[in-house]
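Working notes, beginning with the structure itself.
For the single chain, residues carry numbers from 1 onward in sequence order.
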Amino acid sequence: MRKLARCVAFATALLIADALACLAARSQSPPTIVEFENPLASPRPLQGYLRRTHGARPSPAIVLLHGCAGDWGRLDQRWGKQNSAWGYVTLTVDSFGPRGIKQACGGMPVDLAFDAYRALNFLVQQPFVDPSRVAAMGFSLGGWLALTSVERGIVEQISPNKFRAAIAFYPPCLGFKDNMTVPTLILIGERDDWTPAGECRNMVDGRDDWGISRRKGDGIPVRLVVYPDAFHGFDVSSLQTPIEYRGHHLEFNQAAADRSIEAVREFLDATIGGKEQAK
């Protein structure tokens, strides 16, 4: 009888898990392409993949910012889909297509720094978005954009709309003062040879760096998570076969990717998601 009871309990748990998975899937909409503000010197508006939720009330939202190689479609599949399953409206920005550029690993247009706010300004006008609960989330160059969007300075100050939180995957931390205006999470690999973890440690610890004078405690504390044995692009499953790109090592790391998903969900829940909704 005990064995039968355990089997019944196990089967029930599986059914509940399947039901929750189905509900999560149904709560998502397929992405649609939307257009918003024109960047400077471009006749074409920015575009992005928008994923909506089906909640009765306005939902929190996330602006996703791609890296210097572009590939916004894969970013939407990797993180837009995941964030949407958690109940967040997600807008994955294409910063390159409207500007007619393929990549920006050797340098970027100056006004690219304002793309996160262009996306934010679009989202806050949507009736299905809670304008007080929007986060910026970026990867590599996009991580730099996310940090730039929330560090106290001209980019953050120029917009009347504000981000509530920021997440940066393997960003270049050199040049930031750690003067963030909102809760910020940085996730990076210990073995990253493109955007070194040491530079992010210096920033978070308030240590001076190349041409940068810092003072710990000037801004809202940044949470830094460093994954051992992880390289640049550790969350990109297409990098299961490592590559060398522009002299840097890129490689997927399953353990780091799994832990980063948990860290992101916990951070979002604490800043713009479930815990905030309960208050």
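Counting only distance, with no hydrogens or angles, the side chain of T181 and the backbone of V150 share a donor-acceptor pair below 3.5 Å. Side chain of Q47 to main chain of I33: no donor-acceptor pair is present (N/O by atom type, distance under 3.5 Å, no hydrogens or angles). Panel note: side chain S149, backbone L145; a donor-acceptor pair is recorded below 3.5 Å. Counting only distance, with no hydrogens or angles, the side chain of T195 and the backbone of Y170 share a donor-acceptor pair below 3.5 Å.
The shortest side-chain heavy-atom distance between I272 and Y88 falls under the 4.5 Å cut-off. The closest side-chain heavy-atom distance from F176 to P171 is not below 4.5 Å. Here the side chains of D111 and R99 are in contact, with some heavy-atom distance below 4.5 Å. Between H249 and H232, the closest side-chain pair of non-hydrogen atoms is not below 4.5 Å. At least one side-chain heavy atom of L64 sits under 4.5 Å from a side-chain heavy atom of T90. The side-chain heavy atoms of L91 and V89, taken from C-beta on, include no pair separated by under 4.5 Å. Residues I220 and T184 are not in side-chain contact: their nearest non-hydrogen atoms beyond the backbone lie 4.5 Å or more apart.
A perpendicular orientation is assigned to the rings of Y227 and F234, their planes being inclined by more than 60° (bins at 30° and 60°). By the 30° and 60° cut-offs, the orientation of the rings of W194 relative to H248 is parallel. Ring planes of W72 and Y49: parallel class, angle under 30° (limits at 30 and 60°).
Between E156 and K162, at least one side-chain N (NZ, or NE/NH1/NH2) sits under 4.0 Å from a carboxylate O, which counts as a salt bridge. Salt bridge annotation for D94-R44: absent, with no cationic side-chain nitrogen under 4.0 angstrom from a carboxylate oxygen. Using a 4.0 Å cut-off between a side-chain N of Lys or Arg and a carboxylate O of Asp or Glu, D71 and R78 do not qualify as a salt bridge.
Contact between E190 and V226 at its shortest, heavy atoms only, is OE1-CG1, 3.5 Å. Across all non-hydrogen atoms, the minimal contact from P183 to R164 is CD-O, 3.5 Å. Here the closest non-hydrogen pair linking A263 and L187 is CB-CD2, 3.8 Å. The heavy-atom pair separating A113 from T148 by the smallest distance is CB-CG2, 4.5 Å. S59 and G87 make their closest contact through CB-O, 3.9 Å (heavy atoms, listed as atom of the first residue, atom of the second, distance). Nearest heavy-atom pair across G67 and S140 is CA-CB, 4.4 Å.
S95 and D115 are linked by a side-chain donor-acceptor pair at a separation below 3.5 angstrom, with hydrogens and angles left out of the test.
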Stepwise side-chain contact (heavy atoms from CB on, under 4.5 Å) test for W79 and I261
CA-CA 9 Å; W79 279 102; I261 291 172; 3.8 Å; yes
Run the side-chain contact (heavy atoms from CB on, under 4.5 Å) test on L112 and L141 for me, step by step, so that the C-alpha distance in whole Å, both residues' side-chain angles and the decisive distance to 0.1 Å come before the verdict.
CA-CA 10 Å; L112 199 78; L141 171 64; 4.0 Å; yes
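Ring centroid separation for the pair H66 and F96 comes in under the 6.0 Å cut-off.
Rounded to the nearest 0.5 angstrom, K177 NZ and R152 CZ are separated by 12.0 Å.
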Check residues 119-131 and write down every donor-acceptor pair under 3.5 Å in which the side-chain atom is one partner and the other belongs to a residue at least two apart or another chain.
| residue | atom | partner | partner atom | Å |
| --- | --- | --- | --- | --- |
| N121 | OD1 | N161 | ND2 | 2.8 |
| N121 | ND2 | Y117 | O | 3.1 |
| Q125 | NE2 | N121 | O | 2.8 |
| Q126 | NE2 | F122 | O | 2.8 |
| D130 | OD1 | S132 | N | 3.0 |
| D130 | OD1 | S132 | OG | 2.7 |
| D130 | OD2 | R133 | NE | 2.9 |

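When hydrophobic clusters are built by joining Ile, Leu, Val, Met, Phe, Trp and Tyr residues whose side-chain heavy atoms come closer than 4.5 Å, directly or via intermediates, F231 is not grouped with F169. Both I167 and L75 are assigned to one and the same hydrophobic cluster, defined by single-linkage of ILVMFWY side chains at heavy-atom distances under 4.5 Å.
When each of L147, I186, D205 is checked for a side chain to side chain contact (heavy atoms under 4.5 Å, CB included) with C200, only I186 meets the rule.
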